There are 2 protein chains.
Amino acid sequence: MSLLSPVKESSASTRRPRQRLTKRDQLLETAWQLFYRNGYHATGIDRILADAGVAKMTLYKHFRSKEELILAVLEKRSDQFHESFSRFIRAKKRAPERQLLAAFDWLITWVSSKEFRGCFFQKAMAEYQDLHDPIHQAALAHKATFYGEIRRLVVESSFPNSKTLADQLTLLVEGAIVYSHATGSPMPAVQAREAAWSLIKNARR
Amino acid sequence: MSLLSPVKESSASTRRPRQRLTKRDQLLETAWQLFYRNGYHATGIDRILADAGVAKMTLYKHFRSKEELILAVLEKRSDQFHESFSRFIRAKKRAPERQLLAAFDWLITWVSSKEFRGCFFQKAMAEYQDLHDPIHQAALAHKATFYGEIRRLVVESSFPNSKTLADQLTLLVEGAIVYSHATGSPMPAVQAREAAWSLIKNARR
DNA sequence: GATTATACAGACAGATCTGTCTATTTTCAA
DNA sequence: TTGAAAATAGACAGATCTGTCTGTATAATC
């Protein structure tokens, strides 16, 4: 994330250019919607430009290539994702075990939403499946961060064998995302929550 | 792997055009490899033709469009998949619970193989994410069949609440496929097996 | 030998793809 | 008001995409 030449807004602590950032953000937002809806390869630059109402040269001034645009979108969405997830988890004070379960409440909420169409990052790795591809790497980094958050929740709940439990819960989340998207139903997420509860109870002993 | 022109072998009971089936199978096999390796949108018809050594008109004589080719590949791979899975599961006589666990042994074997690059059908749904898209439907049908096989194993093991357990185990499998592909490691499959064992033991009570 | 199937090579249409370029207009600070 | 920065439209190159078409070659069958 690069902050560019400042303008107006002189007082603030965050000095950010308006127009420039605005166009950039328009592009990122539009690109995200189209990539998410239609896929990465299936979405052409021209379509993004038309939807965003931005000229081609403006895009290529901000991003060197389509790949770089994709990477920027992945990064932004990952940040938004983790912020939203964290907020949800911390929203209510809960007993440690219950807080862990909140991750699955969040999951259920997500897959139940009208906009849900599977995981943006899973799709990235599906289309760019080579492990060394920068896009695959970026998506994987997102997954690693997510795993880290689950892991932290498990540790804070002072489970023994925290790695094992965190691994297992993460698999449930990932599987539920796939199945919920595949079937268009939130039920898999609910089932994942039940499975998680079993595993959590088991881990306590 | 397609066996090519049988030539001779004139006696047979099934009278099928030889050349035709052969070319068709060459196309399906090559198309599968390329779709699996590089994705559906990223793989052009011309590349398939070049790799398969088949003329363009031959392809369009067998399939009306690229979409129809994709559907045929999905169907064929799904058949092969289920046959291979069933054979593995039934290979050794086991106690019911152990047979269920065999599904996870199969999973571990699969994701450990050099050729593993994630799930062909997950990728199809990732690229054709609209529920009503025929390609999505075909991939979903595959997943439904797989779920059915897991379900059958659970029922045969005479677990109470067979649906719940089958649902949960399926999620673990799916999640492990995603993570094993994402990370390039078979470990998630091993963790899924452990989680499955926990759930199975729990379900017995 | 004649007929019919199948497959061939390769040109072609028409659309779309990413990325480059130029020339013009808008924006906004000094 | 002036001048630099930013964004514009739109042409363009060159590649690639799916799908069509023609005419020819190969091979099995009658």
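Below, read A as the first sequence line, B as the second, and so on, with proteins coming before strands; counting in each chain starts at 1. The model shown is predicted, which means the values in this text are computed figures rather than measured ones.
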Does the separation of the ring centres of [X] and [Y] fall below 6.0 angstrom?
| X | Y | result |
| --- | --- | --- |
| Phe81(B) | His142(B) | yes |
| Phe121(B) | Tyr36(B) | no |
| His41(A) | Tyr128(A) | yes |

Quick check on [N]: is either OP1 or OP2 less than 4.0 Å from any side-chain nitrogen or oxygen of [X]?
| X | N | result |
| --- | --- | --- |
| Lys61(A) | dT8(D) | no |
| Thr58(A) | dT8(D) | yes |
| Lys66(A) | dT18(C) | yes |

Q | Salt bridge Lys143(A)-Glu174(A), side-chain N to carboxylate O under 4.0 Å | A | yes
What is the separation between atom [atom1] on [X] and atom [atom2] on [N], rounded to the nearest whole Å?
| X | N | atom1 | atom2 | result |
| --- | --- | --- | --- | --- |
| Met57(B) | dA5(C) | CE | C1' | 14 Å |
| Glu68(A) | dG19(C) | CD | P | 10 Å |
| Tyr60(A) | dG10(D) | OH | P | 19 Å |
| Leu59(B) | dT18(D) | CG | P | 10 Å |
| Asn38(B) | dC17(D) | CG | C1' | 15 Å |
| Arg24(A) | dA7(D) | CZ | C1' | 16 Å |

Q: Can you tell me the pairing partner of dG10(D) across any strand shown, Watson-Crick or G-U wobble, with both distances under 3.5 angstrom?
A: dC21(C)
**Q.** Base-pairing assignment for dA5(D) (Watson-Crick or G-U wobble, both under 3.5 Å)
**A.** dT26(C)
Q: Describe the nucleic acid contact of Lys56(A) in one word from base, sugar-phosphate, nothing, applying a heavy-atom distance below 4.0 Å.
A: base
Q. For Asp167(B) and Tyr147(B), does a side-chain donor sit closer than 3.5 Å to a side-chain acceptor?
A. yes
Q) Looking at the angle O4'-C1'-N9-C4 for a purine or O4'-C1'-N1-C2 for a pyrimidine, is dA13(D) syn or anti, with syn meaning within 90° of 0? A) anti
Q. Between Phe85(B) and Trp106(B), what is the ring plane arrangement, given parallel below 30°, perpendicular above 60°, and tilted in between?
A. perpendicular
Q.
Within a 6.0 Å radius of atom CD on Glu67(B), are there more than 12 heavy atoms belonging to other residues, nucleotides or ligands?
A. yes
Q. Contacts to DNA chain D from residues 40-49 of chain B, heavy-atom cutoff under 4.0 Å, which residues?
A. Thr43(B), Gly44(B), Ile45(B), Asp46(B)
